[in-house]
Structure formats: C-alpha cells, structure tokens
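Contents: one structure, followed by commentary.
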Amino acid sequence: MPTKPARDAARAAIEAAVRAIPLGRVSSYGAVARQAGLPGRARLVGHVLRTSVDGELPWQRVLHADGRLAAPVGTALARLQARRLAAEGVAVHRGRVPAVHFAEQRDLDAALWRFGKEAASGRG
DNA sequence: ATTTTGACGACCC
DNA sequence: TGGGTCGCCAAAA
C-alpha cells in the first residue's frame, strides 16, 4: 500500500498501451497516453517508461509526436533505441522515424501515402 | 510545504 | 526549421 491506487492504475494502463503497439510499428507519448485513457498526460508516459521495471516492455516503440527518438541523437539512450527499432524492422534516420511507421494515422497525407503503397502492392 | 525537473506536446512567432 | 511559452503533473530536491 505504499503507492496510491490511482497512480498504479495509470502506470498499468500506460504499460498496457505500450505493450499493445504492434511489432514493427511505433507510437508517440501523447498517443499512448490517450490510448491509456489519460489524454494530455504525455509526460507521465515518459515518466513511466523511464522508471519501468518491466524488461519486456517495448519502450523503444514510443517516440516524440514528431518522430524523434526519446533522447537526443548521440546519447546512449538514442543509440539503444535506434538499435532496438532496427532489430524489429523500423529504420531510424538521423534520430527520427518517419510518420509512416506510426501505428495510428497521424494525418491525412500519411494515411493516403500508406493507402497508395498498400493498394499498389495488392494488400490492404 | 515549495521549487525544480522531466524519455511531452500543441501553439505561436 | 528553430526557438520560446504554456499546460500537465509525478518525483525528486
């Protein structure tokens, strides 16, 4: 009982949302927060990921809203994240991941772009 | 109890 | 593009 129930529930919801990001796709702190039922709590997501003890948590799939990695290019964390993403097929270029890799559709352009690719390759 | 910090993000120059 | 503001709020100082 040392911790507050509401906080634990929030943490659990956030970790669940992160685990729900499919392999090979990425999401953002803000999107994860919304998915966890905590709109506007992007910073809390960062906090939870930073302090999580779950070694299986695919934290590398969570990026900034603009596609940037969690940490600035050159830092150990950024290199680790890029490495882990590359291992699951997500290419990182100059510390960023293109919007196309995001699990949720960020904007109409991205959606149309993907639609075009998928339609062209006969898949939907 | 108060202040500062932080793996954020939308906005506005 | 790049940089500053403001809102959010859990932890740490």
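Because the structure is a prediction, the values reported are computed rather than measured. Lettering of chains follows the sequences in order, A, B, ..., and the numbering in each one begins at 1.
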Whole-Å gap separating [atom2] ([N]) and [atom1] ([X]):
X	N	atom1	atom2	value
A:Arg68	B:dG6	CZ	P	15 Å
A:Gln60	B:dA7	CD	P	17 Å
A:Leu38	C:dA10	CG	C1'	13 Å
A:Asp66	C:dG2	CG	P	11 Å
A:Tyr29	B:dG9	OH	C1'	12 Å
A:Ile14	B:dA7	CD1	P	15 Å
A:Arg50	C:dA11	CZ	P	10 Å

*Using atom C1' of each nucleotide, how far apart are B:dA1 and C:dA12 to the nearest Å?*
14 Å
*asked:* With rounding to the closest Å, how many angstrom separate the P atoms on C:dT5 and B:dT4?
replied: 15 Å
*asked:* Can you tell me if A:Gln35 has over 12 outside heavy atoms packed within less than 6.0 Å of its CD?
replied: no
_Pairs involving residues 47-63 of chain A, ordered by first then second residue, that meet salt bridge (Lys or Arg N to Asp or Glu O under 4.0 Å) (sequence neighbours left out)_ = A:Arg19-A:Asp54, A:Arg61-A:Glu88
*Would a distance-only check, ignoring hydrogens and angles, find a side-chain to backbone donor-acceptor pair under 3.5 Å from A:Glu104 to A:Ala31?*
no
*Any sub-3.5 Å donor-acceptor pair from A:Gln81's side-chain atoms to A:Gln60's backbone N or O?*
yes
*For DNA chain B, determine which residues of residues 79-96 of chain A have any heavy atom closer than 4.0 angstrom to one of its atoms, and list them numerically.*
none
*Sort out for me which residue in A:Leu23, A:Val18, A:Ile21 forms a side chain to side chain contact (heavy atoms under 4.5 Å, CB included) with A:Pro58.*
A:Val18
Find every protein N or O atom lying less than 3.5 Å from an N or O atom of nucleotides 4-8 of chain C, and list the pairs.
unit_1, atom_1, unit_2, atom_2, d
C:dG7, O6, A:Arg43, NH1, 3.4

*Are OP1 or OP2 of B:dC8 and a side-chain N or O of A:Ser28 less than 4.0 angstrom apart?*
no
*Does A:His64 have a side-chain nitrogen or oxygen under 4.0 Å from the phosphate oxygens OP1 or OP2 of B:dA7?*
no
Using a cut-off of under 3.5 Å, enumerate the N/O to N/O pairs linking the protein to nucleotides 10-13 of chain B.
none

Using 0.5 Å steps for rounding, measure from the [atom1] atom of [X] to the [atom2] atom of [Y].
X	Y	atom1	atom2	result
A:Arg94	A:Leu69	CZ	CG	12.5 Å
A:Leu38	A:Leu44	CG	CG	6.5 Å
A:Glu15	A:Arg11	CD	CZ	5.5 Å
A:Arg96	A:Asp66	CZ	CG	5.0 Å

*side chain to side chain contact (heavy atoms under 4.5 Å, CB included) against A:Arg7, all qualifying residues, sequence neighbours excluded*: A:Lys4
*Residues which pass salt bridge (charged side-chain N to carboxylate O under 4.0 Å, His left out) with A:Arg41, listed by chain and number, not counting sequence neighbours*: none
*Between B:dA7, C:dA11, B:dG9, which nucleotide has the shortest distance from any of its atoms to the side chain of A:Leu77?*
B:dA7
*Got A:Tyr29 and A:His64 here, is their nearest side-chain heavy-atom distance under 4.5 Å?*
yes
